[in-house]
There are 2 protein chains.
Amino acid sequence: MATIKDVAKEAGVHISTVSRTLGGAYYVEPSTRERVMQAVEKLGYKPNPIAKGLKEGRTRIIGYVVPRVNDSVFSQISQSISQACVERDYMVILCCTGEDTKIEADYYNRMKGKWVDGFIIGTANDDNRALLESLKAENIPVVLVTRSIENAFNAVLSDNVEGARQAAKHLIANGCKRILFLNGNLKLELCRERLKGYQQGLMDEGIPFDQSLVCNDIAMQWAGAISPVKGTVTPEQAVAHIVSQNIEFDAVLGITDAVAAGAMTTLKNHGITIPDQVKIMGMGDLEIASFTDPPLTTMHQSADTIGRRSVELLLEQIESRDFTAKTLEKLPFTLVVRETV
Amino acid sequence: MATIKDVAKEAGVHISTVSRTLGGAYYVEPSTRERVMQAVEKLGYKPNPIAKGLKEGRTRIIGYVVPRVNDSVFSQISQSISQACVERDYMVILCCTGEDTKIEADYYNRMKGKWVDGFIIGTANDDNRALLESLKAENIPVVLVTRSIENAFNAVLSDNVEGARQAAKHLIANGCKRILFLNGNLKLELCRERLKGYQQGLMDEGIPFDQSLVCNDIAMQWAGAISPVKGTVTPEQAVAHIVSQNIEFDAVLGITDAVAAGAMTTLKNHGITIPDQVKIMGMGDLEIASFTDPPLTTMHQSADTIGRRSVELLLEQIESRDFTAKTLEKLPFTLVVRETV
DNA sequence: GTGAAAGCGCTAACAT
DNA sequence: ATGTTAGCGCTTTCAC
């Protein structure tokens, strides 16, 4: 690897001249510049970003923290984050925490300061809030994705209340009156919000809320992707339980597509026809939604936009060196009608 | 952020003493060590890995290059790579190329040398071979995942020939004689190998190979994940075409689960029953395989193992500074019988 | 307009 | 056993 020294020698100038030539913001004699550029070309010189970062106190690296990338939503978001960063000449350092707060704490400790210029974080829940607060206290730029914590942090996510509300209303508009809501862990603001939206949808249409139609703590991801999280129930188990209790319902709203798909499987196994006897909706619109039978009607979440906006927001802060802004961007869901409603 | 200087001042020693205390391999007076450790604790000091890397010429970062992370296989592999690296105190820098060789070339140029200690690469195809060769020529440790290029590079991947062969044989064992093989782009060694395995399976069982039962250039991923790749056909289109041509077949082997699932949808739309009239198999055993109706019989690929082994192999090379080893690890597929065969 | 030199945080060879 | 110092590759201030 050629260094700045090699280039300087090759061009017969001092290293600082090379640095200035490449830095752009200085005037160098055109003929000198020419020679330098030729040397750069010849040696295939690329400035060493580590040395640069050490000097400048900036690295053009961002830290990206998620529970797991093999989650349909995060894999989509990761993709768009990666692309957005490539375009802007930033690097992404990935950390999958598996929702383990210790691993996460460790990562922040190692990365903050000199390693990364800021973080994009997809792990926000009630457990790691203190961690996030301490990042903020140290003035480290942070953008949350997919999840938020009150209005305390920059975040870009889907409008969960509104999305769930529209889902409920779509179901009701199609004649449903008793909608089973398969929810995740209420530690996640996301789950609390979707629950709220579900309730609002009911209320909008004058349908009474029935607590026995809400199941919490459903595993939100495909079971194969993760070792089962304790305190969690598969959608299949939940639906089987509900059915065995003879609780009446004419629709299922899954907090994610995976949940809806799981529910669908169990329903079909019980000989319940979809959408005739029970209608189903998911939220997310990810891969499986198009492969279930019948294909799943769901609320489409713009994962790409979430990813792209999060890096825009973060880099804006980093580059302006202004960490005071607090933006909460809520992107709309859109209804995708397939065949389960 | 506390630096080594701050710690030295706090402990009343020279910075090199701090460095030695932390480095471990040197003897320092226990009382001194004690004071240093207390200062470290008090200040929450973490060595700056950038400075360290600059000095040592190593970064404990590995570059991870994939076409896209929002691909079921790669998202699984990424997850296990990330975990394996966390355990070993390495960082992962992610680059999604979108199969764009220019982006890829750029990334290597920027990263190699001082940025990363080595690469894990999931993009190998006939187009970027020169790029990979040049990495090798520069003595940069590389491990290929999921794909290989002859035996020219370290690689860990599934045994594609054997996997496809077993799939074909399983179909034949279940009475199939005319197996439609929906293949991807032959630029990928992976596709060439699976084709070969398919043919071997046929041969093993004395079934004649019929070229008209092979479709190449099928899009291997879920269409929603990516903008359609040109020169590519969806499995749905391919099957519709075959059916319209009245080509007879009693089974479909999809090069991936997504392909098999797409085929299944089209068949069902044509009123063909599965598995009665046509049996279906995929390869990979990823999320969608459990959600199709009927659930897909497929060859399970151990994505986790691929990820974990690839980092083990890479770090072995990096840490031994011996880049001459050439390991080609082929992991077995295992048959997962569900309901489409 | 360009060269010299300091310094970013750290490690390792060399003194003491 | 510990302090001193050079140097990793780069940017930037200061001279000339």
Side-chain angles (χ1 to χ4, degrees), chain A residues 1-37 39-40 43-61 89 91 109-117 321, chain B residues 1-37 39-40 43-61 89 91 109-117 321:
Chain A
M1 281 287 85
T3 73
I4 198 171
K5 256 187 199 160
D6 301 321
V7 177
K9 199 189 299 173
E10 177 74 28
V13 296
H14 195 264
I15 58 162
S16 49
T17 304
V18 177
S19 175
R20 276 187 290 247
T21 305
L22 268 30
Y26 301 83
Y27 184 83
V28 280
E29 198 70 15
S31 64
T32 314
R33 153 165 268 125
E34 179 63 18
R35 265 183 305 138
V36 170
M37 293 316 272
V40 166
L43 276 59
Y45 167 75
K46 304 273 168 193
N48 177 337
I50 300 237
K52 199 172 187 169
L54 184 54
K55 184 67 188 174
E56 295 183 335
R58 297 187 36 194
T59 56
R60 295 188 84 84
I61 301 185
D89 202 24
M91 301 272 128
N109 260 327
R110 287 228 301 274
M111 306 303 285
K112 74 192 178 190
K114 298 296 176 169
W115 254 121
V116 301
D117 296 341
R321 290 189 158 72
Chain B
M1 284 283 85
T3 73
I4 198 172
K5 254 188 202 160
D6 301 322
V7 177
K9 199 187 298 171
E10 177 74 28
V13 297
H14 195 265
I15 58 163
S16 50
T17 304
V18 177
S19 175
R20 275 187 290 250
T21 305
L22 268 31
Y26 302 85
Y27 184 84
V28 281
E29 198 69 15
S31 64
T32 315
R33 154 164 269 125
E34 179 62 18
R35 265 183 304 138
V36 170
M37 292 316 271
V40 165
L43 276 57
Y45 168 75
K46 303 274 167 193
N48 178 337
I50 300 236
K52 200 172 189 169
L54 183 55
K55 182 67 189 173
E56 295 184 334
R58 298 187 33 195
T59 56
R60 295 187 84 82
I61 301 183
D89 202 24
M91 302 272 127
N109 260 327
R110 287 227 301 272
M111 305 303 283
K112 74 191 176 188
K114 297 295 175 171
W115 255 120
V116 301
D117 296 340
R321 290 189 158 73

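Throughout, protein chains are lettered first and strands after them, A, B, ... in sequence-line order, and every chain is numbered starting at 1. It should be emphasised that the depicted structure is a prediction, and the values quoted were computed from it without experimental measurement.
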On DNA chain D, compare the nucleotides closest to B:R33 and B:A51; which residue's is nearer the 5' end?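 Looking at DNA chain D, the more 5' nearest nucleotide goes with B:R33.
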Might you list the N or O atoms of the protein lying below 3.5 Å from N or O atoms in nucleotides 3-6 of chain C, with each pair's distance?
{"residue": "C:dG3", "atom": "OP2", "partner": "A:H14", "partner atom": "N", "Å": "2.9"}
{"residue": "C:dG3", "atom": "OP2", "partner": "A:T17", "partner atom": "OG1", "Å": "2.4"}
{"residue": "C:dG3", "atom": "N7", "partner": "A:R20", "partner atom": "NH2", "Å": "2.8"}
{"residue": "C:dG3", "atom": "O6", "partner": "A:R20", "partner atom": "NH1", "Å": "3.0"}
{"residue": "C:dA4", "atom": "OP2", "partner": "A:H14", "partner atom": "NE2", "Å": "3.4"}

How many Å lie between [atom1] on [X] and [atom2] on [N], as a whole number?
| X | N | atom1 | atom2 | result |
| --- | --- | --- | --- | --- |
| B:K9 | C:dC10 | NZ | P | 14 Å |
| B:R60 | C:dC10 | CZ | C1' | 15 Å |
| A:L22 | D:dT12 | CG | P | 13 Å |
| B:I4 | C:dC8 | CD1 | C1' | 13 Å |
| A:I50 | C:dC10 | CD1 | P | 14 Å |

Closest heavy-atom pair and its distance - [X], [Y]:
| X | Y | value |
| --- | --- | --- |
| B:R60 | B:D117 | N-OD2, 2.8 Å |
| B:K5 | B:I15 | CA-CG2, 3.8 Å |
| A:V18 | A:I4 | CG1-CG1, 3.6 Å |
| B:Y45 | B:T3 | CE1-C, 3.4 Å |

Of B:V36, B:V13, B:L22, B:T21, which is the lone residue that meets side-chain contact (heavy atoms from CB on, under 4.5 Å) with B:V28? B:T21
How far apart are the C-alpha atoms of B:T32 and B:R35, what are their side-chain angles, what is the distance that settles it, and do they pass the side chain to side chain contact (heavy atoms under 4.5 Å, CB included) test? CA-CA 5 Å; B:T32 315; B:R35 265 183 304 138; 3.9 Å; yes
Please determine, for the side chain of [X], which listed nucleotide ([options]) has the closest atom?
| X | options | answer |
| --- | --- | --- |
| B:Y27 | C:dG9, D:dA1, C:dA12 | D:dA1 |
| B:L54 | D:dC10, D:dC8, D:dT11 | D:dC8 |
| A:K52 | D:dC10, C:dG9, D:dT2 | D:dC10 |

Give a yes/no on whether any side-chain N or O of [X] is located under 4.0 angstrom from OP1 or OP2 of [N].
| X | N | value |
| --- | --- | --- |
| B:S19 | C:dT11 | yes |
| B:K5 | C:dC8 | yes |
| B:Y26 | C:dA13 | no |

Once you round to the nearest 0.5 Å, how far does OG1 of A:T59 lie from CD1 of A:I50?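 If we round to the nearest 0.5 Å, A:T59:OG1 and A:I50:CD1 are 9.5 Å apart.
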